[in-house]
Structure formats: C-alpha cells, structure tokens
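Sequential numbering from 1 along the given sequence is applied to the chain's residues. Note that ligands are numbered from 1 as they come in the structure, with each ligand's atoms numbered from 1 the same way.
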Amino acid sequence: MQSIFEAIKECAKAIDTAIKSEDLGFAKSANASGEDQLKLDVKSDLIIEERFKSVGVIKDIISEEKEGILELHKDGIYSVCYDPLDGSSLVDVNLSVGSIFGIYKDGLDGKSLVASVYVVYGPRVEMSIATLEDARPTLFRLMGDDFKKIASIELQTKGKLCAPGGTQQYWSHIHKSFIDSLFAEGYRLRYSGGMVPDLHQILLKGGGLFSYPGTDDKPKGKLRQLFEVLPFALIYEKAGGAAINDKGERLLTLKPDHIHDTTPCFFGSKSEIEALKSAYGV
Ligand code: FDP
C-alpha cells in the first residue's frame, strides 16, 4: 500500500496548489449526489485519477465526483474510494477543507477497509494514515516538499468538544435533547461545516463528539459511507475512540447497497459514544 500513500502525498501537494491558485467558481455539472460541482472539485478528482493511473496495485477507483466505478488495472488488488475535496463549499470563505481516501480489498464495505487516509488543507497541510496493522493513526505534516511524521493520534476517553452536524430544525427530539445535555455539561461548540477539519480538530484536541444524524429531511444522513464515513470510522477506532450509526452498530460493520449511499454517523471518544447510545436507547 506504500505506493498508494506516496501517490496520495503527491496529489495532496497538487491539490493544495490548486486551492491556492485556481478558479473557485462552479463547473457546469453536478456530482452523483446531485450537488453542484466546483471547478476545484473536478480538478482535484482529475489530479487523483491521473496519479492513480500509475499505481499498479489499484484495481479501481470510486470517487464522490464520479457516477460509477472506474477500472484502472485489471491485476490490481485495491479499490480506492475517495472524496477529492470534501467541504469544498468552504473554499470561497477560506476555511479548511480536506481529501478523504478509503482503501478496500476484496469488497466495498466496512469489513473490506484496510487503510484510511485524510488530508487537511488549512494554514498547514496535514495528513493522517491508519492501517489495520497500525496500533494508532499517524499524523504527518507537509514541511518544505516532504511530509514529516509528527505524532501518533490518541483520543482520551472523554473530551470537551461537540460538533453537531445537520439542520437543527430537522433533528429528532432525542437527538436535540442529547446535544443540549452535552452543552449543559460544559461541552464547547466546534463546527466549521467541513467534515475533515471538524473531525481532525476533535482527534487532535483529545476528544469529543462529531454527529451527523438522520433527520426529517435526510433520514439516512448526508455523509457518504465509502468516501467519508468508513475511512473516518477506522481512524477513530484506531485512535482509541468509537464510531457508530443511530442503531448503535459499529460503522465498520456497514455494507452499502449503492456506492453513493449515506448513513447517520457519530464519531467520538468512548465516553461520548456510550452516552449517545444510552440517550438513543440502542
Ligand atoms: P460539503 O457539503 O461542503 O461538501 O461532505 C459534505 C459536507 O460538506 C461535510 O464536509 C460536512 O461535514 C457536511 O457536509 C456539512 O453539512 P451541514 O452543513 O448540513 O452540517
């Protein structure tokens, strides 16, 4: 898998350059979830596709920005599912955005996920990698032209931050009273609207809860299983936290029916996830 990680590092540098220098306007297209694509979404997707074409172990790629599966190498071993520029609606206001990669072997579901990578494009460019073999995810930072290893990522059992996604107007009563109870207990609100920086912040500040529930308007949530949810579930579990859906099931046991399927999802330190389970009665 090392060749995939090296390719992602090169893509990250190219995408960072594109964010800093390219047109931020809309492309005249929509992605598979019906969202308008930015020129930067399309460009980031192409950067990754082009680079992955020279990585022989990649069998096929599945992008949030593409409708279907694109085969790259018949004899490849891995399927790489990725969101090339997550949170791209924040680019025009100059907030952090990210790329997310899930590396799957012999299937497209939680059980087949063998490694996850995400990149945060902020004032600095950082990248985290988790594999099934690693004890903890590793954090890298782009320094000059190279990604340097900075730290292992480890969550405390209980944190202080709460990042509550979704439109509050459509939250269930159970969800609303649970989130209210966290704030009543002293949790601090930290939500930028970018999944990557919001989850990254909780990971690096020791813990808390990121939630994107099922709502009246989006009963299956908004975040996509293969490109967003499962990769972060592996990172959170490897960091010593937990990641579940609204039935209390580990996200890593999920099997999407369709490559663009979404799911309600909750990522956090163990204590917050246990509290959420008891509030939801699951
Ligand atoms: P975006 O639509 O800007 O791409 O992936 C979708 C996402 O951003 C996540 O990055 C983010 O966590 C979420 O949507 C934010 O959604 P809400 O505004 O509904 O909370």
Side-chain angles (χ1 to χ4, degrees), residues 15 18-19 24-27 29-45 48 62-66 81-102 116-122 126-128 161-172 175-176 178-179 182-183 189-204 208-233 235-236 243 245-246 251 256 258-268:
I15 292 171
I19 292 169
L24 303 180
F26 282 99
S29 50
N31 67 15
S33 304
E35 297 160 346
D36 289 336
Q37 288 175 309
L38 292 175
K39 288 180 191 164
L40 265 180
D41 289 318
V42 177
K43 168 101 189 195
S44 305
D45 189 31
I48 294 168
I62 297 102
S63 165
E64 196 207 289
E65 304 301 335
K66 297 186 202 305
C81 300
Y82 62 92
D83 184 349
L85 201 60
D86 187 75
S88 56
S89 63
L90 299 173
V91 172
D92 60 348
V93 290
N94 205 14
L95 287 177
S96 297
V97 292
S99 301
I100 313 169
F101 302 84
S116 302
V117 182
Y118 70 82
V119 182
V120 194
Y121 309 98
E126 295 188 334
M127 180 174 74
S128 299
L161 305 183
C162 180
T167 311
Q168 294 195 25
Q169 180 189 9
Y170 301 120
W171 286 355
S172 68
H175 188 70
K176 183 168 172 20
F178 175 62
I179 297 294
L182 292 182
F183 287 126
L189 175 66
R190 294 288 184 274
Y191 192 74
S192 74
M195 182 184 192
V196 176
D198 287 335
L199 282 165
H200 185 62
Q201 178 166 206
I202 290 172
L203 282 166
L204 295 199
L209 181 78
F210 174 99
S211 50
Y212 207 109
T215 51
D216 290 348
D217 60 332
K218 293 185 182 112
K220 290 180 78 182
K222 176 183 183 187
L223 301 176
R224 282 144 283 228
Q225 298 187 33
L226 291 177
F227 323 107
E228 297 172 308
V229 172
L230 297 177
F232 267 109
I235 300 256
Y236 265 67
N245 66 7
D246 53 351
L251 294 170
H258 183 271
I259 56 174
H260 290 278
D261 271 356
T262 60
T263 179
C265 54
F266 307 93
F267 304 85

Mark the output for Glu64 as yes if a heavy-atom distance to ligand 1 is under 4.0 Å, and as no if none is.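 Judged by the 4.0 Å heavy-atom criterion, Glu64 does not count as contacting ligand 1.
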So, [X] and [Y]: side-chain donor and acceptor under 3.5 Å apart, yes or no?
X: Ser99; Y: Tyr121; result: yes
X: Asp45; Y: Tyr82; result: yes
X: Asn245; Y: Thr263; result: no

Quick test: of every protein heavy atom, which one is nearest to [atom], and how far off is it to 0.1 Å?
atom: atom 4 (O) of ligand 1; result: Gly87 N, 3.2 Å
atom: atom 3 (O) of ligand 1; result: Ser89 OG, 2.6 Å
atom: atom 11 (C) of ligand 1; result: Gly193 O, 3.2 Å
atom: atom 15 (C) of ligand 1; result: Tyr191 OH, 3.4 Å
atom: atom 19 (O) of ligand 1; result: Tyr212 OH, 2.6 Å

What atoms in ligand 1 come closer than 4.0 Å to a heavy atom of [X]?
X: Arg224; answer: 5 (O), 6 (C)
X: Asp86; answer: 5 (O), 9 (C), 10 (O)
X: Gly166; answer: 20 (O)
X: Glu228; answer: 5 (O), 6 (C)

Structural part of Leu223 in contact with ligand 1, heavy atom criterion under 4.0 angstrom: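 Under 4.0 Å from ligand 1, Leu223 contributes side-chain atoms alone.
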For the pair His175 and Trp171, name the ring-plane relationship: parallel under 30°, tilted 30 to 60°, perpendicular over 60°.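 Rings of His175 and Trp171: perpendicular, over 60°.
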Over 60° means perpendicular and under 30° means parallel, so classify the ring planes of Phe267 and Phe232, tilted if in between.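 Rings of Phe232 and Phe267: perpendicular, as their planes differ by over 60°.
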At their closest point, which heavy atom of [X] faces which heavy atom of [Y], and how far apart are they?
X: Glu65; Y: Pro84; value: CG-CG, 3.6 Å
X: Pro197; Y: Ser192; value: CG-OG, 3.9 Å
X: Ala163; Y: Ile202; value: CB-CD1, 4.1 Å

Between Gly194 and ligand 1, does any nitrogen or oxygen pair lie at a separation below 3.5 Å?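 Gly194 vs ligand 1: no N/O contact under 3.5 Å.
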Pairs of nitrogen or oxygen atoms closer than 3.5 Å, one from Val196 and one from ligand 1: do any exist?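 No, there is no polar N/O contact under 3.5 Å.
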Hey, looking at atom 14 (O) of ligand 1, which of Lys218, Met195, Lys222, Gln168 has the closest heavy atom?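 Comparing heavy atoms across Lys218, Met195, Lys222, Gln168, the nearest one to atom 14 (O) of ligand 1 lies in Lys222.
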Mark yes or no for whether Thr262, through its side chain, and Lys222, through its backbone, hold a donor-acceptor pair below 3.5 Å.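 Not at all, since once roles are kept as given, no pair shorter than 3.5 Å links the two residues.
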